[in-house]
Amino acid sequence: MIPFNVPPYCGREDAYVLEAIHSHKICGDGAFTKKCHAWLEQHTGAERALLTTSGSHALDMAALLCRLEPGDEVILPSYTFSSTANAFVLTGAVPVFVDVRPDTMNIDEKCIEPAITSRTRAICVVHYAGVACEMDEIMAIARRHGLLVVEDAAQGVMSSYKGRALGTIGDYGCYSFHESKNYSMGEGGALLMRRADPRAEVIREKGTNRARFLRGQVDKYTWEDLGSSYLPSELNAAYLYGQLEMADEINAARLHSWDLYRQGLAPLHDAGRIDWQTVPEGCQHNAHMFYIKARDLAERTALIAYLKAHGVGSVFHYVPLHSAAAGLRFGRFHGEDRYTTRESERLLRLPMYYGLADADVEKAVDTVAAFYREARA
Ligand SMILES: *Cc1c(COP(=O)(O)O)cnc(C)c1O
C-alpha cells in the first residue's frame, strides 16, 4: 500500500533531540527554539517568529492579538480546517463564512467586501495547499475598511506570493508543523509577525512578562495579560530544526513529485476527465498537496475505493464549516455557496510526502488512469 502521508524525517532529528535531552534544558525557549526562530525570521522576512505548540495555537494567539470583542466579526472561507474558525470563536467573535474560488479553493476575494458589516474586525485567509490567496486585493480591502488580516499559512511554509513568504503579508501569519505538514515537530506551529507585537510573547508565556524577565529587562515577572502555555518543549524544537536545515531539499523533492503527477495526469486533465489545482501567476507553491477533482461525489467515492483496492492511499477533506454542527451554532455564511460544497465533494488528495518514490507516483497515476479507462468501458 502506498500511504497517503509519511511524516517527514531527514536523519538529523535523532542527534538534535539527544542534544536537547543532554543540555538539561528541555522546557521551551532553549537553544533549539532560538535556532528555529532565527531560521524562520531569516527565511520569511517576518520581524518576529515564535514557535507554538500547534498551528491551532498560533491561530489562537493571532485571534487574541486582534483584541476582538464578543460579537465582532471575522470573515473567512468555509472550506478550511476547524481551527481557523475556532480560534476566533474562542474570543467570542462570530465567524462569517464566504465562498471559495474553484481554481485554488482559496477565499474568493470578491466575496469579502459584500460581507463586511459595522462589526467586522478582521479577515482570515487560508492559503490552501500552500498556494497563495490574492493578497494584493485582500490587503487593499483590509486597508479600505481598517481591518486586520490573519493568514492561516498552516500549509504554506516555503511558499510565497510575489516574492513574499506566506504568513508575512498580513498582520499575523500561522504555520503548522503537525506531522501531516511539509516540516514537522510532531505537534507544533509558529506565529509570524510582520511587525513584532510585544503582547505576543506575553500571551505565549501564560500572560506573564517572563520573557522580559529572562532577558533581564525587569527584576520579577508577573501576570500582565491574557495568555496560556503556547511554547513547545525543546525536544520538539530540536526535531523541527533537523528539518528546517533540510528545507530546500525537502521542498525540491516534493516539487519533483508534484511535477511528476502533473505530467502523468495531463492526458486525463486535457481530456476533461479530471480537474486539478491552478497555481496563479506570482505564486510559488510548496507542493503541500497534489489533488485532483472527480466529476462529483459519487465518482470520487468510487475512485477512492478503486485506489484503495489497488494499493494507493487517498483522502478527501473539509466538510464545509458552515454546514458543520459548530459552524451552524457559532457562525453564518454570507452570500451564495456556489463552490464551497460542490467543489469540496469532488476533491481527492493523492499520496504526497518527502521520500515518495517516483515509481509510487507513477503507480498512483496509472491507477487513476485505469479507473477512468474502466469507467468509460
Ligand atoms: C493543519 C492545519 C491547521 C492546524 O494545525 P495544527 O498544527 O494541526 O494545529 C490549521 N489550518 C489549516 C488550514 C491546516 O491545514
Side-chain angles (χ1 to χ4, degrees), residues 4-5 7-8 28 36 40 49-64 74-90 95 97-98 100-101 104-107 122-133 135 149-159 161 166-167 169-170 172-192 204 228-233 236-237 239-240 243-244 254 277 285-291 315-322 324 326-327 331 340 343-344 347 349 352-353:
F4 163 70
N5 179 52
C36 291
L40 286 166
L50 294 169
L51 283 192
T52 59
T53 30
S54 65
S56 304
H57 280 167
L59 285 159
D60 291 358
M61 286 186 65
L64 288 172
V74 179
I75 296 170
L76 73 166
S78 170
Y79 183 70
T80 181
F81 194 58
S82 59
S83 303
T84 319
N86 209 36
F88 298 102
V89 171
L90 283 170
F97 302 110
V98 296
V100 289
R101 300 159 48 124
T104 56
M105 299 305 281
N106 283 335
I107 191 168
I123 303 166
C124 182
V125 302
V126 179
H127 302 296
Y128 183 68
V131 176
C133 299
M135 292 310 290
V149 175
V150 175
E151 295 176 71
D152 180 341
Q155 303 173 6
V157 183
M158 294 286 278
S159 289
Y161 173 77
L166 301 192
I169 302 161
Y172 306 110
C174 304
Y175 282 173
S176 169
F177 299 118
H178 183 260
E179 73 162 38
S180 59
K181 302 303 201 287
N182 293 23
Y183 310 92
S184 183
M185 52 200 279
E187 300 278 356
L191 174 74
L192 269 59
R204 184 166 166 272
S228 189
S229 188
Y230 291 124
L231 72 167
S233 121
N236 299 66
Y239 193 96
L240 177 65
Q243 303 196 352
L244 293 181
R254 295 185 76 111
Q277 80 192 80
H285 75 107
N286 60 356
H288 173 62
M289 55 175 100
F290 190 93
Y291 69 78
V315 301
F316 64 87
H317 67 170
Y318 299 158
V319 173
L321 297 185
H322 74 281
T340 301
E343 297 298 301
S344 70
L347 190 142
R349 301 170 61 185
M352 174 57 80
Y353 49 87

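Start at 1 with the first residue, then count along the sequence. Counting starts at 1 for both ligands and their atoms, following the listed order.
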* Is F316 atom CZ crowded by more than 12 heavy atoms from other residues, nucleotides or ligands, each under 6.0 Å away? ->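 No.
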Quick one: ligand 1 N/O to protein N/O pairs below 3.5 Å?
unit_1	atom_1	unit_2	atom_2	d
ligand 1	5 (O)	S176	OG	3.3
ligand 1	7 (O)	G55	N	2.7
ligand 1	7 (O)	S176	OG	2.7
ligand 1	9 (O)	G55	N	3.4
ligand 1	9 (O)	S56	N	2.8
ligand 1	9 (O)	S56	OG	2.5
ligand 1	11 (N)	D152	OD1	3.3
ligand 1	11 (N)	D152	OD2	2.7
ligand 1	15 (O)	Q155	NE2	2.8
ligand 1	15 (O)	K181	NZ	3.2

* To do: Determine yes or no for a side-chain-to-main-chain donor-acceptor pair under 3.5 angstrom, with H322 supplying the side chain and G327 the backbone.
  =>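 No, the answer is negative, given that no donor and acceptor are paired below the 3.5 Å cut-off.
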* Output yes when a side-chain donor or acceptor of Q243 lies under 3.5 Å from a complementary backbone atom of S184, and no otherwise. =>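 Yes; judged by distance alone, with no hydrogens or angles, the pair exists.
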* How are the rings of H57 and Y230 set relative to one another: parallel (under 30°), tilted (30 to 60°) or perpendicular (over 60°)? ->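 It falls in the perpendicular class, over 60°.
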* To do: Applying salt bridge (charged side-chain N to carboxylate O under 4.0 Å, His left out), name anything that partners R204, two or more places apart in sequence or on another chain.
  =>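 So R204 forms a salt bridge (charged side-chain N to carboxylate O under 4.0 Å, His left out) with D29.
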* When the ring centroid of Y128 is compared with that of H317, is the distance short of 6.0 Å? -> yes
